Amino acid sequence: MLVILVVLFSALSPSFLTFGNVVDSIMMNSTILLLVALAGTFPILEQSIDLSVAANLGLSGVLTAMAVNHFGVVGILVGPLVGLLAGLVNGVVFAKGKIPSFLVTLGTQSVLMGIALLLTNGSSQPFRNPLVQQFAIGNVVPSVPNLVIWGLVFYVITVFVAFYTPFGRYCYALGESEKVTELSGVQVDRYKIGVFVLSGLLCGIAGALLTARISSGAAGMGSGLLLQSIAGVVMGGTALTGGVGGPHRTLIGVLVIGVLENGMNLIGIGSFVQQIVLGVVVVLAVAMSMDREKIDIVK
């Protein structure tokens with residue numbers, strides 16, 4: 001799907017496959033979505049889901065902006081901390097309370113958004129700090145924004161965690177069969193909580209970086225990212241039934257969305273039509289990549 005889209009838009013727009021468009025438009029605009037999608041990948045691997053990712057990003061961004069205004073550049077650390085704590089709450093309530101993750105995170109989504117709106121009274125929180133801005137829009141590597149570098153760094157870290165640590169292996173095991181994993185002596189609750197802590201941390205990092213990029217924090221700054229992140233995870237090949245896929249595939253799903261949106265903008269397709277096209281592509285991509293054996297088992 002990704003190759004087809006690249007070939008199609010390269011033929012329709014001569015500016016599509018230029019370095020500036022690929023790096024400054026596609027990769028730059030896809031990085032925050034990548035971080036949020038990586039955050040959502042691990043709960044899905046465990047047959048759970050985190051619906052609070054966008055709200056978590058919004059609250060983390062708001063508190064990052066406030067902290068930068070009061071404490072300077074160290075305030076950017078507040079975002080990851082807030083995200084981690086929100087993820088911890090999600091994980092503990094889910095694992096210890098034995099409440100479905102769908103319901104837990106649906107509730108915390110509303111709570112986190114409400115806190116962000118209450119703190120800001122519904123307005124944005126701007127700040128002026130060139131050092132903080134450099135985290136996102138600076139160029140440690142010439143011609144490549146720092147935001148893109150951060151995205152690639154955390155992508156590599158999450159892939160390492162998934163494939164080269166016990167935590168990652170148990171995520172896959174829980175996705176295949178929680179009962180078998182528990183009977184094997186694994187402390188299941190620890191890993192259930194862990195995936196939501198990791199998800200929250202990545203959302204907090206995404207919120208801090210997005211705030212640094214736009215020099216402002218707002219409760220609704222993550223609007224639209226929830227559905228796009230789930231689409232990116234699933235289109236990449238991570239099954240909603242758990243145990244199949246991983247963060248290495250999520251990158252492909254996110255790039256499909258990024259290329260599709262950028263290409264349609266370049267050839268002048270309206271935003272309403274773009275939503276229709278994106279929905280159709282999601283369905284087609286899922287049909288091409290889903291693990292049918294896993295679906296049969298669930299049935």
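What you are looking at is a predicted structure, and each value in this text was computed from that prediction instead of being measured.
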For Leu147 and Ile32: C-alpha separation, side-chain torsions, deciding distance, then whether side chain to side chain contact (heavy atoms under 4.5 Å, CB included) applies.
CA-CA 8 Å; Leu147 184 61; Ile32 298 300; 4.0 Å; yes

Does a side-chain heavy-atom distance below 4.5 Å link [X] with [Y]?
X: Tyr172; Y: Leu45; value: yes
X: Phe163; Y: His248; value: yes
X: Lys96; Y: Ile193; value: yes
X: Ser48; Y: Lys192; value: no
X: Ser123; Y: Gln125; value: yes
X: Val140; Y: Ile149; value: no
X: Phe42; Y: Tyr191; value: no
X: Ser199; Y: Val53; value: yes

Do any N or O atoms from the side chain of [X] and from the backbone of [Y] form a donor-acceptor pair under 3.5 angstrom?
X: Ser110; Y: Gly107; result: no
X: Thr158; Y: Tyr155; result: yes
X: Gln47; Y: Gly175; result: yes
X: Gln109; Y: Ala54; result: no
X: Thr211; Y: Gly207; result: yes
X: Ser101; Y: Ile49; result: yes
X: Ser229; Y: Leu226; result: yes

To the closest 0.5 Å, what do you measure between [atom1] ([X]) and [atom2] ([Y])?
X: Met113; Y: Leu57; atom1: CE; atom2: CG; result: 9.5 Å
X: Phe196; Y: Thr108; atom1: CZ; atom2: OG1; result: 8.5 Å
X: Leu227; Y: Leu51; atom1: CG; atom2: CG; result: 9.5 Å
X: Phe94; Y: Asp50; atom1: CZ; atom2: CG; result: 10.5 Å
X: Arg249; Y: Met235; atom1: CZ; atom2: CE; result: 14.5 Å
X: Ser25; Y: Glu261; atom1: OG; atom2: CD; result: 12.0 Å

Which heavy atom of [X] sits nearest a heavy atom of [Y], and at what distance?
X: Ser60; Y: Gly79; result: OG-O, 3.4 Å
X: Ser124; Y: Pro126; result: O-CD, 3.4 Å
X: Ser52; Y: Asn90; result: OG-ND2, 3.0 Å
X: Leu201; Y: Pro80; result: CD1-O, 3.7 Å
X: Met221; Y: Ser216; result: CE-O, 4.0 Å
X: Asn21; Y: Leu266; result: ND2-CD1, 3.8 Å

Which residue, Ile137, Thr31, Val23, forms the side chain to side chain contact (heavy atoms under 4.5 Å, CB included) with Pro145?
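Going through Ile137, Thr31, Val23 one by one, the side chain to side chain contact (heavy atoms under 4.5 Å, CB included) with Pro145 is satisfied by Val23 alone.
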
Leu260 pairs by side chain to side chain contact (heavy atoms under 4.5 Å, CB included) with which of Leu5, Ile269, Leu255, Leu8?
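By the side chain to side chain contact (heavy atoms under 4.5 Å, CB included) criterion, Leu260 pairs with just one of Leu5, Ile269, Leu255, Leu8: Leu5.
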
Should the heavy atoms of other residues, nucleotides or ligands under 6.0 Å from [atom1] of [X] be counted, would the total exceed 12?
X: Phe127; atom1: CZ; result: yes
X: Gln134; atom1: CD; result: yes
X: Phe71; atom1: CZ; result: no

Could you go through Met1 and Ile252, starting from their C-alpha distance and side-chain angles, then the distance that decides it, and tell me whether this counts as side chain to side chain contact (heavy atoms under 4.5 Å, CB included)?
CA-CA 9 Å; Met1 181 67 71; Ile252 304 299; over 6 Å; no

Please evaluate residues Leu174 and Val186 with respect to the criterion side chain to side chain contact (heavy atoms under 4.5 Å, CB included), reporting the C-alpha separation (whole Å), side-chain torsions for both, the decisive distance (0.1 Å), and the verdict.
CA-CA 10 Å; Leu174 284 169; Val186 177; 5.9 Å; no

Do [X] and [Y] land in one hydrophobic cluster if side-chain heavy atoms of ILVMFWY residues count as linked below 4.5 Å?
X: Ile44; Y: Phe102; result: yes
X: Leu152; Y: Ile26; result: yes
X: Leu33; Y: Val159; result: yes
X: Ile205; Y: Leu225; result: yes
X: Leu202; Y: Val234; result: yes

Give the ring-plane orientation class for Phe9 versus Phe16, where under 30° counts as parallel, over 60° as perpendicular and anything between as tilted.
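Rings of Phe9 and Phe16: tilted, 30 to 60°.
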
Quick one: side-chain contact (heavy atoms from CB on, under 4.5 Å) partners of Thr165, sequence neighbours excluded?
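With neighbours one apart ignored, the set is Phe160, Val161, Phe167.
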
Any side-chain donor paired with an acceptor under 3.5 Å for Thr41 and Thr250?
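The criterion, which ignores hydrogens and geometry beyond distance, is satisfied for Thr250 and Thr41.
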
Run the numbers on Thr181 and Glu178 for side chain to side chain contact (heavy atoms under 4.5 Å, CB included), then give the verdict.
CA-CA 5 Å; Thr181 305; Glu178 180 179 332; 5.7 Å; no

